[in-house]
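Following: one structure in structure tokens, then a few remarks.
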Amino acid sequence: MKNFTRDLSFAMDADQADPLKNFRDKFFIPKDKNGKDVIYFAGNSLGLQPKTVRAYIEQELKDWATLGVEGHLHAKNPWLPYHEFLTQQTAELTGAKPEEVVNMNSLSVNLHLLFASFYKPKKYKNKIVIESNAFPSDHYAVQSQIKFHGYDIDSTLVEVKPRFGEDNLRTGDILDFIEIFGDSVSLLWFAGVNYYTGQSFEIEKIANACHKKNIIAGFDLAHSVGNTLLKLHDWNVDFAVWCNYKYMNGGPGSIGGAFIHEKHLKNYSLPKFLGWWGHDKTTRFLMGHDYVPIPTAESWQLSNPPILQLASLKASLDIFEEATMSALRMKSEMLTGYLEFLIKDSNNDNIEIITPSDITQRGCQLSLRIKKNGKEMYHRMISEGVICDWREPDVIRVAPVPLYNGFADVWNFSEKLRQ
Ligand SMILES: *Cc1c(COP(=O)(O)O)cnc(C)c1O
């Protein structure tokens, strides 16, 4: 794609020319045993800590200390509407309208809350379509939803599998599958980017195919938000959930996010589990017993949210706003392309990249299948100051992220891989 070359000077020049090069300094980079920055390629698992997070959290600690309950209204950033301070930026990251998104709970919890609204199986239209290689939590959650509705898991959950001998799903095969089997399907549940292979799915085409068959299209964007460019509203996605501790750098166990398409927001017949934080804001504190929903995604909120978590995520969202997703994505394509180039150029038969080489079908991550002694190689890499991860049975996942990784990181990584 670009004129990559093998020599270190290419990486040095590319880092020099990188318009986002100063963003690395906004993060704490863990150190190796010699006190040098590690090569941190695990931002797909837990993003690094923005240096500004401490001040954001300390502001809330200070207001709590000095104001107590009065902080709900009188904190510098009042807690009552605090989650709203994140809405516009979240909408921008996901290609949503502000009323379509909310940060709340965590991913798997949000999955269940939204399935309560959107999985409405009928006798002859009750199936859920899922990718065979979906994240385990998604399999458990979906299985339990099927059981909760009184259906048999084996005959109700249908998996789309890659062709024999292939790792990734072909878009055409997914669309054919929906076309052929769709009449009995109630809901499709897919990742935006598959956690294992790094394949980025064609969300818009999949959602369209679903709608032709009257299927609700839901997406798990754990590996998409902060990684790929999203247009959830225009793509007509029905609903989506994500976590904010991977590419979003919101911190371990960070508060999650949810999207509900505008077209569903005023459908008051949707079943929904309720709590007071979903109730109309102007009358919430009148403490009546009749529920009046907020006409936005916020009506899926149950509880008043954890402010310290929101503060931490807000610090990260401010960095994303400054960097912009379009610039991040542009760098990301280069960075991952460079990593792919160096790995291929080293002609190592023991390593197979299973992530699609088509850049429109992947984000930052490359998944490397290590044919022999993969686990040993992984442990060697860790002891050499490379933070990546191992996924059974034979894959090392590496994710150079454009916010804090550079071309020299990629070059150093590939040198260690060669050794
Ligand atoms: C990381 C991840 C999760 C994690 O779920 P939590 O509820 O945040 O623990 C779920 N699904 C996918 C696809 C993931 O990548």
Side-chain angles (χ1 to χ4, degrees), residues 41-48 90 93-94 101-116 118-119 128-145 157 159-160 167-169 174 187-201 203 206 217-228 230 232 237 239-259 273 300-303 305-306 309-310 312-313 316 354-355 361-367 387-392 395-399 401:
F41 280 178
N44 56 347
S45 193
L46 184 74
L48 292 179
T90 303
L93 274 173
T94 52
V101 291
V102 61
N103 290 291
M104 60 180 186
N105 311 310
S106 50
L107 189 155
S108 302
V109 173
N110 288 337
L111 186 164
H112 281 297
L113 289 176
L114 294 185
F115 268 56
F118 291 106
Y119 180 45
I128 296 180
V129 173
I130 193 169
E131 352 141 45
S132 58
N133 197 18
F135 192 77
S137 188
D138 295 61
H139 275 283
Y140 310 149
V142 168
Q143 287 170 19
S144 69
Q145 282 286 337
L157 186 59
E159 298 185 355
V160 194
D167 290 294
N168 297 298
L169 287 165
I174 302 170
L187 185 147
L188 169 138
W189 186 245
F190 251 65
V193 174
N194 181 276
Y195 80 101
Y196 191 89
T197 62
Q199 178 179 14
S200 180
F201 294 110
I203 295 177
I206 295 172
F219 290 87
D220 180 330
L221 303 179
H223 283 261
S224 304
V225 177
N227 179 22
T228 58
L230 296 167
L232 299 183
V237 165
F239 73 102
V241 298
W242 59 92
C243 51
N244 280 311
Y245 48 79
K246 293 173 180 168
Y247 294 104
M248 286 312 301
N249 314 315
S254 172
I255 193 163
F259 164 92
F273 291 133
W300 271 265
Q301 293 177 117
L302 302 182
S303 303
Q309 284 288 347
L310 287 170
S312 169
L313 179 57
S316 170
I354 65 172
T355 308
Q361 298 222 19
R362 70 182 183 204
C364 306
Q365 174 182 325
L366 291 185
S367 301
I387 310 291
C388 51
D389 72 18
W390 172 254
R391 284 291 174 269
E392 296 290 348
V395 163
I396 291 177
R397 299 187 310 169
V398 285
V401 313

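Just the heavy atoms: all of them, side chains too, but no hydrogens, waters or symmetry mates, feed the values below. When a ligand or atom number is given, it counts from 1 through the structure's own listing order.
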Requested in this report: Carefully, step by step, assess Glu131 and Asn194 under the rule side-chain hydrogen bond (donor to acceptor under 3.5 Å, both in side chains).
Outcome: CA-CA 9 Å; Glu131 352 141 45; Asn194 181 276; 2.8 Å; yes
Identity and distance of the protein heavy atom lying nearest [atom]:
| atom | value |
| --- | --- |
| atom 10 (C) of ligand 1 | Phe135 CD2, 3.4 Å |
| atom 8 (O) of ligand 1 | Tyr245 OH, 2.6 Å |
| atom 11 (N) of ligand 1 | Asp138 OD1, 2.8 Å |

Query raised in the report: Parallel under 30°, tilted from 30 to 60°, perpendicular over 60°: which one fits the rings of Phe239 and Phe118?
Result: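 It falls in the parallel class, under 30°.
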Do [X] and ligand 1 have an N or O pair less than 3.5 Å apart?
| X | answer |
| --- | --- |
| Ser137 | no |
| Lys246 | yes |
| Ser106 | no |

Using a 4.0 Å heavy-atom threshold (strictly under), name the region of [X] that reaches ligand 1: side chain, backbone, both or neither.
| X | value |
| --- | --- |
| Leu107 | both |
| Ser108 | both |
| Leu111 | neither |

Query - Ring-ring centroid check Trp300 Phe259, cutoff 6.0 Å - result: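 No.
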Query raised in the report: Ring centroid separation for Phe115 and Trp189, is it under 6.0 angstrom?
Result: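 Yes, close enough.
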**Report entry** Stepwise side-chain hydrogen bond (donor to acceptor under 3.5 Å, both in side chains) test for Ser108 and Ser137
**Finding:** CA-CA 7 Å; Ser108 302; Ser137 188; 2.9 Å; yes
Query - Minimum side-chain heavy-atom gap Leu169-Phe190 below 4.5 Å - result: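 Yes, their side chains come closer than 4.5 Å.
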Report task. Could you check if a side-chain atom of Tyr119 sits within less than 4.5 angstrom of a side-chain atom of Leu114, using non-hydrogen atoms only? Result ->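 Side-chain contact under 4.5 Å: no.
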Query - Contacting atoms of ligand 1, where contact means under 4.0 angstrom from a heavy atom of His223 - result: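 Here the atoms of ligand 1 in question are 15 (O).
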Report task. Find all atoms of ligand 1 within a distance of less than 4.0 Å from any non-hydrogen atom belonging to Ala222, and give their numbers and elements. Result ->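 Numbered from 1, ligand 1 contributes 2 (C), 12 (C), 14 (C), 15 (O).
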Requested in this report: Might you work through the side-chain hydrogen bond (donor to acceptor under 3.5 Å, both in side chains) test for Thr90 and Asn103, ending with a clear yes or no?
Outcome: CA-CA 8 Å; Thr90 303; Asn103 290 291; 3.0 Å; yes
